[in-house]
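Scroll down for the structure; my scribbles are underneath it.
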Amino acid sequence: MNCDGVRDLLSAYLDGELSPGELLRVEQHLRRCHLCADEVDSLRQVVSLVASLDEVEVPATFHAQLHDRLVAIGPPVGVRRTPPAWQRQIRQWALPAAAAAAVVAVGLTGLQHTDGGKAGLEIKQGPVAVEPGPKPADQVATIVTPPPVVTQAPVQEQPQPGSDATPKPVAGTPNPTQSIDSPTPTGGGTKPSSDVTPAPLGATGTNPNAAYTVSFKQGVTPAESQPTMVAFTYTLEAKVADPAAMADLLMKKYAGRAEVTSVTTGKAVLGVVILADAATASLDLAYIKSALGQTVAEGEPVRADLAAQFRQAYQRLDSLDAERDRLSKATAGITDPDQTELAKAEFAAMEAQAAQAKLELANLEKTVAKSTILVNLSKQAQ
Amino acid sequence: MPRDGGGVNQVSKSLDELLVERAKRGDVEAFERLISQYEKKVYNVAYRLTGNHEDAGDVAQEAFLRVYNSLPEFRGDSSFATWLFRIVNNACLDELRKRKRQRVTSLDESVEVDDGEVVRQFADPSDGPEQALDRVELQRSVQESIMALDEEYRVVMVMRHMQGYSYNEIADTLGINIGTVKSRLNRAKHALKEMLVKLELLPPKVVYSGRRGRTHEL
């Protein structure tokens with residue numbers, strides 16, 4: 001085989017996509033022709049350069065813009081045909097306005113100092129602390145008779161403490177409801193808040209109050225969970241010669257998802273909070289550790305796979321959908337006022353449960369979105 | 001608590017199934033959760049194909065919108081990821097064809113003039129190419145070389161060497177035959193190689209004579 005013939009096959013040769021016959025001929029030729037062998041080397045370098053291009057960050061506005069456009073479409077109508085009218089009806093539970101406004105950021109780490117310096121990360125269970133929001137509009141749940149109509153049920157702003165108001169999850173999976181006071185990393189700019197200090201290092205696995213088992217299993221993820229359903233916080237502490245310069249470096253590297261959050265004037269600790277996701281966290285950690293150098297100490301990571309909770313919440317919504325359909329069929333055309341009242345009450349109860357499920361989902365999303373790498377920088381003693 | 005009536009059937013559904021079903025009925029949050037694990041990858045494919053963030057955002061959004069609108073046709077006979085990227089890659093290619101006019105430095109032109117001019121764009125010759133170009137510069141040059149390829153060639157390069165598709169998968173996804181995939185990738189790589197050699201990002205080594213038909217056998 002001559003060089004021209006081989007040259008056209010070199011790309012496929014490198015990609016391992018030659019037929020056995022072609023492969024044999026190319027290999028024979030390469031053994032004798034250093035011109036083509038050099039060409040293979042060059043092509044290999046080309047591929048390497050292309051394949052090693054860094055992943056770029058998705059701009060902050062992307063997600064919101066896409067969301068708006070999706071909402072404007074409504075249910076997908078298909079690209080080729082328009083489905084029949086009965087399929088097109090919006091069958092979803094609207095998150096009541098009040099509850100939507102009241103969704104509070106929840107996270108895994110209690111960044112607030114409690115009990116005066118108690119060692120370990122405090123993960124408290126308890127009712128979701130709800131910020132006061134706008135009052136819900138006065139709306140009354142109506143009977144769902146065909147065609148179905150989406151209504152908003154009034155929802156209490158303050159969910160009851162205790163477990164009565166919240167549907168109990170399947171045994172073994174705790175409810176992710178914690179009240180914390182965590183800084184919002186996406187604000188941009190420095191937020192000096194001397195009363196909020198990063199969580200101290202220490203073992204947390206045996207904390208009886210922990211809602212999650214704090215054990216870090218590297219590389220082991222349940223088959224069903226996606227990286228984007230894992231919520232975590234990694235904490236790194238390092239003594240560096242120039243904390244401000246190091247913070248600056250990290251801010252530049254993670255521009256758009258990093259923030260300097262705390263300055264404890266007594267110890268001169270700079271905290272850098274970097275938003276991360278489970279898919280890229282190990283890369284981020286490797287980079288940061290190499291930048292920090294020898295004195296980096298790693299705290300006990302907090303990591304929770306929330307796939308099960310997501311699934312439960314969606315299953316609940318799914319069941320409620322089925323229930324609502326059943327109820328609407330069963331109550332179609334009833335005239336007795338007492339029965340009507342009963343049906344209304346049933347429907348209102350389901351609306352409330354659906355709203356709760358939606359709230360849980362929103363909280364889960366927020367929890368995942370707050371996955372962070374905390375870097376605490378203090379000045380190295382000279 | 002959900003009542004018994006609906007309970008039995010629901011438990012067996014996987015989370016993805018639930019999300020797909022809800023997304024089909026217009027639950028935007030469910031759709032967003034479904035695509036959340038692909039968002040970064042899709043954006044990066046769009047970025048490498050368009051070369052800038054503004055176009056990447058538009059193209060990636062169009063791709064996701066097309067996925068959303070195609071949901072009624074998803075039957076679950078392939079994995080959601082496979083189905084999604086089939087739509088995404090085709091949507092990206094369609095968008096590229098629409099945007100014939102792109103912000104690309106025409107490397108073919110600049111490499112034909114005095115070599116010094118090309119080098120000056122990217123590096124100070126006195127530094128030596130390796131020192132002058134740090135990683136950011138290098139990646140920008142590679143990206144610009146990719147942009148100098150025609151979109152049909154660019155797409156197969158990205159699909160093979162950034163997304164990891166096999167030749168068969170590329171052929172299947174784009175609806176072309178495998179011989180076309182082979183020849184496009186071959187020409188794309190050779191073109192990239194020549195550009196990168198002229199940019200002094202690859203050592204020159206021995207270059208084939210431009211005249212085809214010349215045989216060289218030891």
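Source: prediction; values computed, not measured. We name chains A, B, ... by the order of the sequence lines, and we start the count at 1 in each one.
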Where [X] and [Y] come nearest, the two heavy atoms and their spacing:
| X | Y | value |
| --- | --- | --- |
| B/L202 | A/V46 | CD1-CG2, 3.6 Å |
| B/Y68 | A/P75 | OH-CA, 3.8 Å |
| B/E29 | A/Y314 | O-OH, 3.9 Å |
| B/H53 | A/P59 | ND1-CG, 4.3 Å |
| A/P76 | B/P72 | O-CG, 3.7 Å |

Atom pair [atom1] ([X]) and [atom2] ([Y]), whose distance is rounded to the nearest 0.5 Å:
| X | Y | atom1 | atom2 | result |
| --- | --- | --- | --- | --- |
| B/K189 | A/L14 | NZ | CG | 6.0 Å |
| B/L196 | A/Q45 | CG | CD | 9.5 Å |
| B/R48 | A/L53 | CZ | CG | 4.5 Å |
| B/E39 | A/H63 | CD | NE2 | 5.5 Å |
| B/H190 | A/L43 | NE2 | CG | 4.5 Å |
| B/E194 | A/S42 | CD | OG | 10.5 Å |

Assess whether a salt bridge exists between [X] and [Y], defined as any Lys/Arg side-chain N lying under 4.0 Å from an Asp/Glu carboxylate O.
| X | Y | value |
| --- | --- | --- |
| B/K182 | A/E22 | yes |
| A/R311 | B/D16 | no |
| A/R69 | B/E62 | yes |
| A/D321 | B/R22 | yes |
| B/K193 | A/D41 | no |

| message | Given heavy-atom pairs under 4.5 angstrom as the criterion, report whether the side chain, backbone, both or neither of A/E365 touches chain B. | response |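 Just its side chain gets close to chain B.
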| Where on A/I73 is there a heavy atom nearer than 4.5 Å to chain B: the side chain, the backbone, both, or neither? |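 Only the side chain of A/I73 comes within 4.5 Å of chain B.
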| query | Are more than 12 heavy atoms from other residues, nucleotides or ligands located less than 6.0 Å from atom CZ of B/R86? | reply |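 Yes, the 6.0 Å shell around CZ holds more than 12 heavy atoms from other groups.
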For [Y], does its backbone N or O pair with a side-chain atom of [X] as donor and acceptor, under 3.5 Å?
| X | Y | answer |
| --- | --- | --- |
| B/Q139 | A/D54 | yes |
| B/R160 | A/D15 | yes |
| B/N44 | A/V56 | yes |

At a heavy-atom separation under 4.5 Å, does [X] approach chain A through its side chain, its backbone, both, or neither?
| X | value |
| --- | --- |
| B/S183 | neither |
| B/A188 | neither |
| B/L185 | both |
| B/Y43 | side chain |
| B/I35 | side chain |
| B/Y47 | side chain |

| Among B/M162, B/K41, B/K40, which residue forms the greatest number of heavy-atom pairs with chain A at distances under 4.5 Å? |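 Between B/M162, B/K41, B/K40, the count favours B/K40.
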When you compare the side chain of [Y] with that of [X], does any pair of heavy atoms fall below 4.5 Å?
| X | Y | result |
| --- | --- | --- |
| B/L15 | A/M229 | yes |
| A/L66 | B/L65 | yes |
| A/L49 | B/L192 | no |

| message | A/K358 vs B/D27, test: side-chain contact (heavy atoms from CB on, under 4.5 Å). Steps then yes/no. | response | CA-CA 11 Å; A/K358 275 267 176 178; B/D27 186 341; 3.6 Å; yes
